[in-house]
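Below is one structure; the comments refer to it alone.
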Amino acid sequence: MIIPITDLTEATLMNIIEGFVLREGTEYGEDEVSLTDKVQQVYKQLTLGDVLLVYSELHETVNIIPKQQLGDFELSEAQQQ
C-alpha cells in the first residue's frame with residue numbers, strides 16, 4: 001500500500017527517511033555525504049514521486065522503493081499472502 005507523504009507529520013516522515021538511509025548503507029562514491037544531505041536527497045525524491053513510501057501489510061513494515069519497483073512490490077505482497 002502506498003502511503004501519501006502528505007498524510008504524515010514532517011517529523012514522522014523525516015524519521016522514516018533517516019531510518020531508511022541508515023539501514024541502506026548506500027555508496028556515494030569517493031565523496032562523503034552527510035546524513036542530513038542523504039535524508040534531503042531521499043525527501044526530494046519522495047516529493048518528486050521518483051520513490052514511494054510503501055507499507056507491507058504482510059511484514060508490517062514501511063519502506064521506500066523506486067516507483068518502477070511498485071509492481072514487483074505489490075506482486076510479492078500478493079504472492080506471500
Side-chain angles (χ1 to χ4, degrees):
M1 167 175 56
I2 298 173
I3 302 171
I5 60 173
T6 55
D7 287 359
L8 304 174
T9 65
E10 185 174 342
T12 299
L13 180 58
M14 290 304 173
N15 284 332
I16 291 170
I17 295 171
E18 185 175 314
F20 170 78
V21 169
L22 289 172
R23 80 172 177 265
E24 287 303 307
T26 306
E27 177 62 43
Y28 286 81
E30 292 181 21
D31 298 327
E32 287 293 319
V33 179
S34 71
L35 176 61
T36 301
D37 288 344
K38 292 176 188 177
V39 168
Q40 287 303 315
Q41 289 171 4
V42 174
Y43 177 78
K44 183 175 181 181
Q45 291 174 350
L46 280 164
T47 60
L48 292 173
D50 296 336
V51 297
L52 303 170
L53 187 61
V54 294
Y55 174 72
S56 168
E57 293 180 25
L58 179 65
H59 299 103
E60 297 182 350
T61 58
V62 175
N63 201 7
I64 297 172
I65 63 169
K67 186 177 184 177
Q68 297 87 346
Q69 291 182 2
L70 180 60
D72 294 339
F73 171 79
E74 291 174 334
L75 182 60
S76 173
E77 287 285 299
Q79 289 177 342
Q80 295 182 25
Q81 289 182 351

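Values below: every heavy atom of this structure, side chains too, minus hydrogens, waters and symmetry copies.
- V33 approaches K38 most closely through the heavy-atom pair O-CE, 3.2 Å.
- Looking at L22 and L35, their side chains come closer than 4.5 Å, going by heavy atoms from C-beta outward.
- Scored by the side-chain contact (heavy atoms from CB on, under 4.5 Å) test, D72 finds no partners at all (sequence neighbours excluded).
- Shown here are the side-chain contact (heavy atoms from CB on, under 4.5 Å) partners of D50, two or more places apart in sequence or in another chain: Q45, L48.
- In terms of the side chain to side chain donor-acceptor pair (under 3.5 Å) criterion, T6 has no residue partners (sequence neighbours excluded).
- Heavy-atom minimum distance, V54 versus I3: C-CD1, 4.2 Å.
- When the side-chain contact (heavy atoms from CB on, under 4.5 Å) test is applied to T36, the partners found at least two apart in sequence or on another chain are S34.
- From I65, atom CD1 reaches atom CZ of F20 across 10.0 Å, with rounding to the nearest 0.5 Å.
- Sorted by first and then second residue, the pairs that involve residues 61-71 and meet side chain to side chain donor-acceptor pair (under 3.5 Å), not counting sequence neighbours, are R23-N63.
- When every heavy atom of L46 is checked against every heavy atom of L52, the shortest pair comes out as CD2-C, 3.9 Å.
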Counting only pairs under 3.5 Å, give me each side-chain donor-acceptor contact of residues 7-14, with atom names and distances, residues two or more places apart or in other chains.
residue: T9; atom: OG1; partner: T12; partner atom: N; Å: 3.1
residue: T9; atom: OG1; partner: T12; partner atom: OG1; Å: 2.8

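- Remark: T47 pairs with no residue by the side chain to side chain donor-acceptor pair (under 3.5 Å) rule, at least two apart or across chains.
- Shown here for V42 and V51, the closest heavy-atom pair between the two residues is O-CG2, 4.3 Å.
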